[in-house]
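One structure is given here, and the rest of the page talks about it.
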Amino acid sequence: MPALQLLFLACLVWGMGARTAQFRKANDRSGRCQYTFTVASPSESSCPREDQAMSAIQDLQRDSSIQHADLESTKARVRSLESLLHQMTSGGVTGTQEVQEGLQGQLGALRRERDQLETQTRDLEVAYNNLLRDKSALEEEKRQLEQENKDLARRLEGSSQEVARLRRGQCPSTHHPSQDMLPGSREVSQWNLDTLAFQELKSELTEVPASQILKNQSGHPRSKEGDKGCGVLMWVGEPVTLRTAETITGKYGVWMRDPKPTHPYTQETTWRIDTVGTGIRQVFEYSQISQFEQGYPSKVHVLPQALESTGAVVYAGSLYFQGAESRTVLRYELNTETVKAEKEIPGAGYHGQFPYAWGGYTDIDLAVDESGLWVIYSTEETRGAIVLSKLNPENLELESTWETNIRKQSVANAFVICGILYTVSSYSSVHATINFAYDTNTGISKTLTIPFKNRYKYSSMVDYNPLERKLFAWDNFNMVTYDIKLSEM
């Protein structure tokens with residue numbers, strides 16, 4: 001380096017603050033001339049050792065690697081932001097639509113889940129209400145059974161003395177038997193209505209073969225098999241089960257066919273009402289018997305007013321039923337689904353005043369026979385004895401009325417055949433009987449012992465269908481029929 005340049009460099013260093021700079025000229029070991037200058041460090045008092053230098057270098061390299069990684073991460077974020085910015089500037093509309101569609105899809109899924117939860121909530125509420133209703137029905141049944149047990153205890157207490165007195169031959173005197181009476185049977189009159197046991201013992205005292213229940217005046221039995229005219233009940237066959245209810249609401253109810261069908265209904269059209277619970281309004285209609293047996297209704301009627309008990313019937317295209325918690329009978333025309341007439345039965349007990357022995361608010365029971373429409377009930381004036389009235393099927397006016405001497409709460413059910421009222425002795429005994437008959441033509445009551453089987457031990461409805469010549473019954477969830485035989489009238 002020329003001396004002038006070295007001098008300039010030394011002056012420059014001196015100007016920058018190196019006040020201790022030295023410049024000299026000397027030969028090296030090989031004899032060559034060398035110019036050197038020395039400048040003291042402004043920040044370091046001494047030079048670092050070799051190992052310290054290597055550690056510093058490694059620290060610098062590590063810091064450099066960390067800074068490089070941070071730089072690469074920053075570059076990646078910048079590229080992502082640039083891509084998003086590019087999408088927003090060049091294709092913002094499409095991107096927004098896709099986002100909106102995604103949000104709408106998620107919102108739809110949430111709405112569907114909400115609807116499912118609401119549906120499940122409603123189903124649980126319905127199930128809960130059904131359980132409450134079933135609980136109320138079971139509690140009512142329990143109360144009725146307890147009452148029956150109490151009644152039975154009272155009957156047994158009074159029966160022992162009555163049986164002893166009757167066996168000694170001290171039966172109350174009766175009228176002379178009429179020409180219609182069989183030897184061994186007698187006309188029943190002036191019963192003590194306050195003593196249930198007295199009436200129930202009648203079927204035990206008089207055993208008359210079915211073939212000789214009644215004789216004509218010449219003394220020959222009135223019986224002709226296959227005869228389709230009116231007659232006196234002689235025999236009831238074994239129950240035939242057609243259908244079994246699926247739920248607790250079908251423990252008891254009423255089912256029927258129209259013995260005088262009108263268009264558009266036929267002899268096969270069947271109606272069914274489950275009567276467990278409150279607010280009973282649904283009437284299930286089946287166009288064919290096969291539909292009824294399989295449980296597929298063709299139509300469901302919703303009555304304008306709730307009905308009560310199992311006493312409803314269908315006759316000449318109309319459903320006749322008792323309004324809930326009232327003594328009113330209504331005529332509901334099935335084809336037009338309108339109420340055509342309603343009538344209050346004068347003095348009739350209702351809502352548990354004078355039911356049949358099994359309860360069920362069966363104070364008012366409608367019936368149909370060959371001559372038309374009837375109503376079976378009781379009043380305070382008759383002290384609980386059965387009253388039978390003939391009804392006009394158009395306007396429900398009472399045409400004729402008979403007061404019997406059969407206490408309503410001492411029998412399980414009743415029906416009418418050819419103007420004769422028949423009663424069933426028990427709703428729960430498998431081997432029950434048709435135990436009383438009241439003839440509206442003569443005004444005479446008779447005791448009977450015609451076997452009647454409650455196969456399922458809880459018959460809540462027994463009705464007569466004059467067209468099919470059968471008894472229809474509802475026995476503990478089961479809808480059954482009974483063949484019958486009548487004597488020639």
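The figures here come from the full heavy-atom set of this structure, side chains too, leaving out hydrogens, waters and symmetry mates. If you read the sequence from its start, that first residue is 1, and numbering goes on from there. All values reported here derive from a predicted model rather than from experimental measurement.
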Quiz item: Within a strict 4.5 Å, meaning less than it, do heavy atoms of the L319 and L303 side chains meet?
Solution: yes
Practice problem: Check whether any side-chain heavy atom of S318 lies under 4.5 Å from a side-chain heavy atom of Y332, and answer yes or no. | Solution: no
Quiz item: Between K260 and D258, is the closest basic N to carboxylate O distance under 4.0 Å?
Solution: no
Quiz prompt | Presence of salt bridge, E337 and K299, under 4.0 angstrom | solution = yes
Practice problem: Would you please say whether a donor-acceptor pair under 3.5 Å links the side chains of T241 and Y456? | Solution: yes
Quiz item: Of all heavy-atom pairs between T401 and S389, which one has the smallest distance, and what is that distance?
Solution: OG1-OG, 2.9 Å
Quiz item: With a 4.0 Å cut-off, would you call K343 and E397 a salt bridge?
Solution: yes
Practice problem: Ignoring hydrogens and angles, state whether a donor on the side chain of T423 or N435 is under 3.5 Å from an acceptor on the partner side chain. | Solution: yes
Exercise. Compare all side-chain heavy atoms of S298 with those of Q291 and state whether any distance is below 4.5 angstrom.
Key: yes
Quiz item: With no hydrogens and no angle check, is any side-chain donor or acceptor of N478 less than 3.5 Å from a backbone partner on T244?
Solution: no
Quiz item: Is the closest side-chain heavy-atom distance between R331 and E342 below 4.5 Å?
Solution: no
Quiz item: Between T266 (side chain) and E268 (backbone), is there a donor-acceptor pair under 3.5 Å?
Solution: yes
Quiz item: Between D475 (side chain) and R455 (backbone), is there a donor-acceptor pair under 3.5 Å?
Solution: yes
Self-check item: Donor-acceptor pair between D369 and S371 side chains, under 3.5 angstrom
Solution: yes
Quiz item: Does a side-chain heavy-atom distance below 4.5 Å link V368 with N465?
Solution: no
Quiz item: Can you find a pair of side-chain heavy atoms, one from V424 and one from I434, that are under 4.5 Å apart?
Solution: yes
Quiz item: Are Y265 and W271 an aromatic pair by the rule of ring centers under 6.0 Å?
Solution: yes
Quiz item: Between Y438 and E403, is any side-chain donor less than 3.5 angstrom from a side-chain acceptor?
Solution: no
Exercise. Answer yes if the side chains of Y377 and R327 hold a donor-acceptor pair under 3.5 Å, and no otherwise.
Key: no
Exercise. Mark yes when over 12 heavy atoms from residues, nucleotides or ligands other than K457 sit less than 6.0 Å from its NZ; otherwise mark no.
Key: no
Quiz prompt | Closest heavy-atom pair and its distance - A367, I376 | solution = CB-CD1, 4.2 Å
Quiz item: Out of curiosity, T270 OG1 to W255 CH2, how far, rounded to the nearest 0.5 Å?
Solution: 6.5 Å
Quiz item: Will you find, in the side chains of E333 and T336, an N or O donor that is under 3.5 Å from an N or O acceptor?
Solution: yes
Practice problem: Return the orientation label for the Y286 and F292 ring planes: parallel under 30°, perpendicular over 60°, tilted otherwise. | Solution: perpendicular
Quiz item: Do you know the tightest heavy-atom contact between S428 and S426?
Solution: N-OG, 3.2 Å
Quiz item: Taking 4.0 angstrom as the limit, do K470 and D483 come out as a salt bridge?
Solution: yes
Exercise. Determine, for Y356 and K408, whether the Lys NZ or Arg CZ falls below 6.0 Å from the six-membered ring centre while staying within 45 degrees of the axis.
Key: yes
Practice problem: Evaluate the ring planes of F415 and Y422, with Trp represented by its six-membered ring, and classify them as parallel (under 30°), tilted (30 to 60°) or perpendicular (over 60°). | Solution: parallel
Self-check item: Salt bridge K340-E394, side-chain N to carboxylate O under 4.0 Å
Solution: no
Quiz item: Do you see a donor-acceptor pair shorter than 3.5 Å between the side chains of H351 and E308?
Solution: yes
Practice problem: Please tell me if the side chains of V232 and I420 come closer than 4.5 Å, counting only heavy atoms from C-beta onward. | Solution: yes
Quiz item: Hey, does the side chain of S410 reach the backbone of R407 with a donor-acceptor pair shorter than 3.5 angstrom?
Solution: yes
Quiz item: So do the side chains of I345 and V329 get within less than 4.5 Å of each other, counting heavy atoms only?
Solution: yes
Exercise. Look at the rings of Y458 and Y252 and say which category their plane angle falls in: under 30° parallel, 30 to 60° tilted, over 60° perpendicular.
Key: parallel
Quiz item: So, do Y482 and F472 have ring centers that fall under 6.0 Å from each other?
Solution: no
